[in-house]
Amino acid sequence: MKTLMLILLIAVLLIASMATWFIRKEQENNIGNKFLRLIKKFDAWQMMR
């Protein structure tokens with residue numbers, strides 16, 4: 001019974017850490033994309049001048 005609870009606890013912690021890692025990676029990608037879009041807008045504005 002104790003080993004089952006231990007295995008269950010480890011599995012839950014592993015899933016939670018993987019989800020956190022995945023979400024953090026997606027947010028970093030999103031920030032990078034926003035930064036690239038800003039640079040593109042700035043380039044377009046420079047060309048219009």
Side-chain angles (χ1 to χ4, degrees):
M1 191 69 184
K2 286 182 181 178
T3 51
L4 183 67
M5 282 298 281
L6 191 64
I7 291 170
L8 203 64
L9 185 68
I10 289 170
V12 167
L13 288 174
L14 191 68
I15 291 168
S17 63
M18 282 176 65
T20 305
W21 174 78
F22 185 72
I23 289 167
R24 190 171 293 150
K25 191 172 180 178
E26 283 295 311
Q27 284 177 344
E28 284 175 10
N29 259 353
N30 205 5
I31 290 168
N33 288 343
K34 283 180 184 173
F35 188 65
L36 282 174
R37 263 187 262 136
L38 261 174
I39 291 172
K40 285 179 185 173
K41 281 182 184 176
F42 182 73
D43 280 346
W45 175 74
Q46 286 289 329
M47 287 194 182
M48 280 196 298
R49 273 179 56 187

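Values in this document were obtained by computation on a predicted structure and should not be read as measured data. Heavy-atom basis, side chains included; hydrogens, waters and symmetry copies ignored.
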### Query
About how many Å separate CZ of F22 and NZ of K25, when rounded to the nearest 0.5 Å?
8.5 Å

### Query
Just how far is it from atom CG of L4 to atom NZ of K2, taken to the nearest 0.5 Å?
13.5 Å

#### Entry: Co-members of the apolar cluster containing I10 [side chain, <4.5 Å]
L6

### Task
Using the test ring pair (Phe, Tyr, Trp, His ring centres under 6.0 Å), find all partners of F35 that sit at least two apart in sequence or belong to another chain.
none

### Query
How does the hydrophobic cluster around L9 look, that is, which other residues are in it when side-chain heavy atoms under 4.5 Å mark a link?
L13

